[in-house]
Colleague: 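Mind having a look at this structure? Questions to follow.
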Protein chains: 4
Amino acid sequence: MSKIDKKQEILKAALELFAEQGFHGAPMSKIAEKAGVAAGTVYCYFESRDILIHELFLEVKERINRFLYDRRIIEGTVRERFQTVISGLLRYFVTHPEDFRYLEQFHNSPYGVEYRRIRFFGSTGEEDRMKSLFTDGMKQKVIKDIPMVILFSLTLGPLFDVARDHILGFIQLDDDLVQLTVNACWD
Amino acid sequence: MSKIDKKQEILKAALELFAEQGFHGAPMSKIAEKAGVAAGTVYCYFESRDILIHELFLEVKERINRFLYDRRIIEGTVRERFQTVISGLLRYFVTHPEDFRYLEQFHNSPYGVEYRRIRFFGSTGEEDRMKSLFTDGMKQKVIKDIPMVILFSLTLGPLFDVARDHILGFIQLDDDLVQLTVNACWD
Amino acid sequence: MSKIDKKQEILKAALELFAEQGFHGAPMSKIAEKAGVAAGTVYCYFESRDILIHELFLEVKERINRFLYDRRIIEGTVRERFQTVISGLLRYFVTHPEDFRYLEQFHNSPYGVEYRRIRFFGSTGEEDRMKSLFTDGMKQKVIKDIPMVILFSLTLGPLFDVARDHILGFIQLDDDLVQLTVNACWD
Amino acid sequence: MSKIDKKQEILKAALELFAEQGFHGAPMSKIAEKAGVAAGTVYCYFESRDILIHELFLEVKERINRFLYDRRIIEGTVRERFQTVISGLLRYFVTHPEDFRYLEQFHNSPYGVEYRRIRFFGSTGEEDRMKSLFTDGMKQKVIKDIPMVILFSLTLGPLFDVARDHILGFIQLDDDLVQLTVNACWD
DNA sequence: AATGAATGAGACTTCATTCAT
DNA sequence: TATGAATGAAGTCTCATTCAT
C-alpha cells in the first residue's frame with residue numbers, strides 16, 4: 001500500500017468511526033485497527049488526534065467543494081443557480097451520510113468552534129461561490145437585503161435539518177421533497 | 001446550603017461547563033469543584049454521569065416550557081401565535097445562551113439521539129403546542145400542507161441557526177432581526 | 001427499639017449480607033439499610049467495619065457454643081460424646097447456613113487469620129470441651145495419639161466440607177448421611 | 001523482558017499478593033508495581049481484574065495437574081495409588097504455600113463459586129484421575145460405597161486442613177505426619 | 001443516641017502517545 | 001517507515017467514615 005493510500009485508509013476509518021460513534025467512541029486504537037495499520041503508524045501521518053480530526057474536516061469540505069464544482073452552472077438566473085447549489089448539497093449529504101454526520105460532529109464540538117469564526121472572515125471554496133450568488137441575487141433584487149450571515153443561516157439551516165431527518169430515517173427524501181426544501185430555502 | 005440548593009448548584013455548574021467546554025471537557029471532578037462540593041457528593045444527587053446529563057436536559061427543557069407557557073397567547077391568528085412562539089424561543093435562547101449551547105451539545109451526542117426519536121412519536125410540553133399550531137395553520141390553509149417533521153425542520157432550523165450565530169457573536173440580534181427571522185421562519 | 005435490639009438488628013443484617021454476598025459485596029450502607037437504621041448509627045455500636053466483623057464472629061461462635069452446651073452429654077463413652085458433638089455441630093450448620101457461610105468467609109480472610117493462632121493457644125468455649133473429649137479418648141486409647149491440632153483438622157475438616165456441600169445443594173443430608181459423616185470423622 | 005515473561009511476572013505478583021493479602025488487599029496498582037510494570041500494562045495481558053483472577057486460577061490448577069502427572073503411578077493397588085496422589089498433593093501444597101493460599105481465597109469468593117458446580121459435573125485433569133481411582137476402589141470393595149461428592153469431601157477435606165495448618169505454622173509436616181494424614185484420609 | 005448528607009481517598013479502567021525494535 | 005508493547009495521566013465511581021443537626 002502506498003503512503004497516500006495508507007493515509008487515505010486512516011482518514012476513511014476515522015470518518016466512519018466518528019460518524020457512527022462520535023468522537024468519544026472512536027479511540028486511536030480503533031481507528032488504526034479499522035484502517036489496517038498499527039497504532040503507532042497513525043502518528044506517522046498525523047501528529048496528534050486533534051490534527052487528524054482537523055485534517056479530516058478539511059478533507060470532507062474539499063470533497064464537497066469538488067462535488068459541487070463539477071455540477072456548477074455559471075449561466076442561468078440566480079434562482080436557477082441557487083436551485084442547483086442547494087439541491088446539489090442536499091443530494092451530496094443524502095448520498096454521503098458519513099460526511100454529513102462528521103460535519104455535524106465537528107461543528108458541534110470544541111474543534112469546530114474556531115471554524116465558525118473563520119467562515120465569518122471569509123474562506124476559500126464553495127462558500128465564496130455561495131456568497132457571490134447571494135450578492136448577485138441582492139443586486140437583482142430577487143433576494144432580500146439581509147446580512148449575509150443571516151442569509152446563510154436561513155438557507156443552509158433548513159438544508160441541514162432536512163438532511164439530518166432523512167439520514168436519521170424520519171423522512172424519505174424524494175424529488176418532490178428535495179424541490180420542496182429548495183423552495184423553502186429560497187423563500 | 002439546603003439539599004435542593006446543592007442539587008441546583010451542581011446542575012448549574014454542569015450546565016456552564018458543558019456549554020463552554022462540551023461533554024468531553026467537563027469531568028465530574030471539575031463539575032464538583034465548580035459547584036463547591038466534593039467529588040463524591042455529586043453521586044448523592046445523580047447516580048452516574050449519564051443520569052446527570054439526562055436530568056440536566058429535562059431541566060433545561062422544562063425551563064423553556066415554563067418560559068413559553070408564561071408568555072403564551074391562545075387567542076389570535078395562527079400567524080400571531082406563531083410569531084409569539086418563535087420570537088419567544090429566540091429571545092429565550094439569546095438570553096440563556098448556556099441553555100442553548102447545552103441543547104446543541106446534547107442533541108449532537110449519543111445521549112440525545114434517543115430523544116430525536118421520542119420527539120417523533122410525540123411528547124409532552126411545548127412541542128405539542130407547536131404541533132397544534134401547525135395543524136390549525138394547515139386547516140386554515142395559511143400553512144402549506146407539508147409533513148410535520150419537515151415543517152419542524154424548516155421553522156426551527158433557521159431559528160436555531162440564527163440563535164447560534166448570535167451567541168457566537170457573529171451577529172447582534174435586535175428587534176428588527178428577530179422580526180426578520182420570524183418572518184423567514186414563517187415563509 | 002431498644003439499644004440492644006438495634007445492635008442485634010445490625011448484627012443480623014451484617015450476617016445475612018456477608019453470608020450471601022461476601023465481605024466484598026456488603027458495604028456499611030447496605031448493612032445499615034437492611035438493619036433499618038441510618039448509616040451513621042452503625043458507628044454508635046461498632047467503632048469500625050473491622051470491629052463489626054470481629055464482633056459478629058464472636059457472636060456466631062457464642063451461639064454455636066450455647067447450642068452445643070444445651071445438648072451436651074457429660075456421661076457416656078467417648079464415642080457417644082463424640083457422636084453427640086459432631087452430629088450436633090453438623091445439625092447446627094445445616095439449620096443455620098448463614099452462620100456457617102459467615103464462618104467460612106471469616107476464616108478465609110485476613111480477619112480470620114489471627115483467630116487461627118488464638119485457637120492454637122487455647123480459647124474459651126466449645127473448643128475446650130472438644131479438647132477434653134479428645135484427651136479423654138487418648139487416655140482410654142480409643143483415639144490415636146496424634147497432635148491435637150491434627151485431630152481437629154481431621155475431624156472438623158470433613159464436617160465442614162460435608163456441611164458446605166449440603167448448603168451448596170450438592171447433597172441432601174439425611175440421618176444416614178449424618179451418621180456416615182460422624183463415623184468417617186471418628187475413623 | 002519478553003512478552004511471556006512479563007505475563008508470568010504479573011501472574012506471579014498477583015499470586016503472591018492475593019495469597020498474602022487476599023483479593024481485597026491487592027489492588028491492580030500494587031500488582032503492577034510488584035510485577036515491575038506500569039498500571040496500564042496489566043491490561044495488555046488481562047482484560048480486567050476478574051479475568052486476571054480467573055486465569056491465575058487456571059494457571060495454578062494446571063501447575064498442580066502437571067506436578068501430579070509427573071509423579072503418577074498407574075500400576076499398583078488402589079491403596080498405593082491413593083497414597084501417591086494424596087501425599088503428592090500434600091507435598092505440593094506444602095512446597096507451594098502460595099498456590100494453596102490462592103486456591104483457598106479463590107474458592108471462598110464469588111469468583112470460585114461457579115467452579116464448585118463445575119467440579120460437580122466433571123472437569124478435566126486431576127479430578128478425573130481421582131474419580132477413576134475411587135471408582136476402582138469401590139469396585140474392589142476396598143472403598144466404601146459412598147456418594148462420590150462425600151468421598152471427595154472426606155478425603156480432600158482433611159488434606160486441605162492439614163496443609164493449611166502446616167502453612168500457617170501450627171504444625172510441622174514431616175514424613176510421619178504425611179503418612180498419618182494419608183492414613184486418616186484413607187480411613 | 002440517631003441521622004444521613006458530605007467527604008475524599010483510592011479502586012478499576014481507558015487511551016493518546018512514545019519508543020525500542 | 002512501521003510496529004505494537006508499554007506508559008501513566010486522567011476519568012468514573014465506591015464506600016468507610018465523619019459531623020452538624
Side-chain angles (χ1 to χ4, degrees), chain A residues 1-3 6-7 24-33 35-53, chain B residues 1-3 5-7 10 23-33 35-52, chain C residues 1-3 6-7 10 24-33 35-53, chain D residues 1-3 6-7 10 23-33 35-52:
Chain A
M1 202 191 298
S2 79
K3 260 182 71 170
K6 202 167 280 189
K7 184 167 184 177
H24 164 88
M28 294 298 262
S29 55
K30 266 196 200 169
I31 294 171
E33 191 189 19
V37 300
T41 307
V42 178
Y43 289 84
C44 296
Y45 297 95
F46 305 95
E47 270 183 50
S48 72
R49 187 171 206 262
D50 282 17
I51 287 177
L52 166 59
I53 286 171
Chain B
M1 202 191 298
S2 82
K3 233 184 111 168
D5 284 351
K6 201 165 282 186
K7 182 165 185 178
I10 293 167
F23 288 122
H24 167 83
M28 294 300 260
S29 53
K30 266 195 201 168
I31 294 172
E33 193 185 17
V37 299
T41 305
V42 179
Y43 291 87
C44 295
Y45 298 95
F46 306 95
E47 275 182 41
S48 70
R49 189 173 208 264
D50 281 18
I51 286 177
L52 166 58
Chain C
M1 203 190 296
S2 79
K3 259 183 73 172
K6 203 167 277 188
K7 184 166 185 178
I10 293 167
H24 163 89
M28 293 297 262
S29 55
K30 266 195 199 169
I31 294 172
E33 192 188 18
V37 300
T41 307
V42 178
Y43 289 86
C44 297
Y45 298 95
F46 305 95
E47 270 184 49
S48 73
R49 188 171 207 262
D50 283 18
I51 287 178
L52 166 59
I53 286 171
Chain D
M1 200 192 298
S2 83
K3 232 184 112 167
K6 201 165 282 186
K7 182 166 186 177
I10 293 167
F23 287 122
H24 168 83
M28 294 299 260
S29 54
K30 269 194 198 168
I31 294 172
E33 192 186 17
V37 299
T41 306
V42 178
Y43 291 86
C44 295
Y45 297 95
F46 306 95
E47 275 183 40
S48 70
R49 187 172 209 262
D50 282 19
I51 286 178
L52 166 59

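In what follows, every chain begins at residue 1, and chains take the letters A, B, ... in the order their sequences are listed.
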Colleague: For DNA chain F, whose closest nucleotide is more 5', that of A/Val42 or that of D/Val42?
Modeller: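 So the residue in question is A/Val42.
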Colleague: Which nucleotide in the list F/dG11, F/dA16, E/dA2 gets nearest to the side chain of C/Tyr45?
Modeller: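 Given the options F/dG11, F/dA16, E/dA2, the side chain of C/Tyr45 is closest to E/dA2.
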Colleague: List DNA chain E stems (3 or more consecutive Watson-Crick/G-U pairs, under 3.5 Å)?
Modeller: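 If one scans DNA chain E for consecutive Watson-Crick or G-U pairs, the stems found are E:2-21 with F:2-21.
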Colleague: If you check every side-chain atom of B/Lys6, which of E/dA6, F/dA6, E/dA2 has the closest atom?
Modeller: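 Taking heavy atoms from C-beta onward, the closest nucleotide is E/dA6.
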Colleague: Taking only distance into account, with no hydrogens and no angle test, what donor-acceptor pairs under 3.5 Å do side-chain atoms of residues 39-48 of chain C form with protein atoms, sequence neighbours excluded?
Modeller:
residue, atom, partner, partner atom, Å
C/Thr41, OG1, C/Ala38, O, 3.4
C/Ser48, OG, C/Asp50, N, 3.4
C/Ser48, OG, C/Ile51, N, 3.3

Colleague: Round to the nearest Å and state the distance from B/Asp5 atom CG to E/dA6 atom P.
Modeller: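 It is 11 Å, rounded to the nearest whole Å.
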Colleague: Both D/Lys30 and A/Ala26 contact DNA chain E. Which one's nearest nucleotide lies toward the 5' end?
Modeller: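 That would be D/Lys30.
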Colleague: In this structure, how many angstroms lie between the P atom of E/dT14 and the NE2 atom of B/His24, rounded?
Modeller: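 It works out to 17 Å between those atoms.
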Colleague: Can you measure B/Ile10 atom CD1 to E/dT7 atom P for me and round it to whole angstrom units?
Modeller: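 Value for this atom pair: 9 Å.
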Colleague: Show me the protein contacts with nucleotides 17-21 of chain F, counting only N or O atoms at under 3.5 Å.
Modeller:
residue, atom, partner, partner atom, Å
F/dT17, OP2, C/Tyr43, OH, 3.1
F/dT17, OP2, C/Arg49, N, 2.9

Colleague: Please give, in whole Å, the distance from E/dC12 P to D/Phe46 CZ?
Modeller: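 In whole Å, E/dC12 P lies 15 Å from D/Phe46 CZ.
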Colleague: Whole angstrom is fine here: how far is it from CD in A/Glu33 over to P in E/dC15?
Modeller: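 Atom CD in A/Glu33 sits about 13 Å away from atom P in E/dC15.
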Colleague: Over all heavy atoms of both residues, which pair between D/Ile31 and D/Ile10 is shortest? Give the atoms and the distance, please.
Modeller: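 Scanning both residues completely, I find the closest heavy atoms to be CG2-O, 4.0 Å.
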Colleague: Counting heavy atoms from C-beta on, name the nucleotide in E/dA1, E/dG4, F/dT7 closest to the side chain of D/Ala38.
Modeller: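 Selected nucleotide (nearest to the side chain): F/dT7.
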Colleague: Nearest whole Å is fine: how far is E/dA2 P from C/Lys7 NZ?
Modeller: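 Going from C/Lys7 (NZ) to E/dA2 (P), I get 12 Å.
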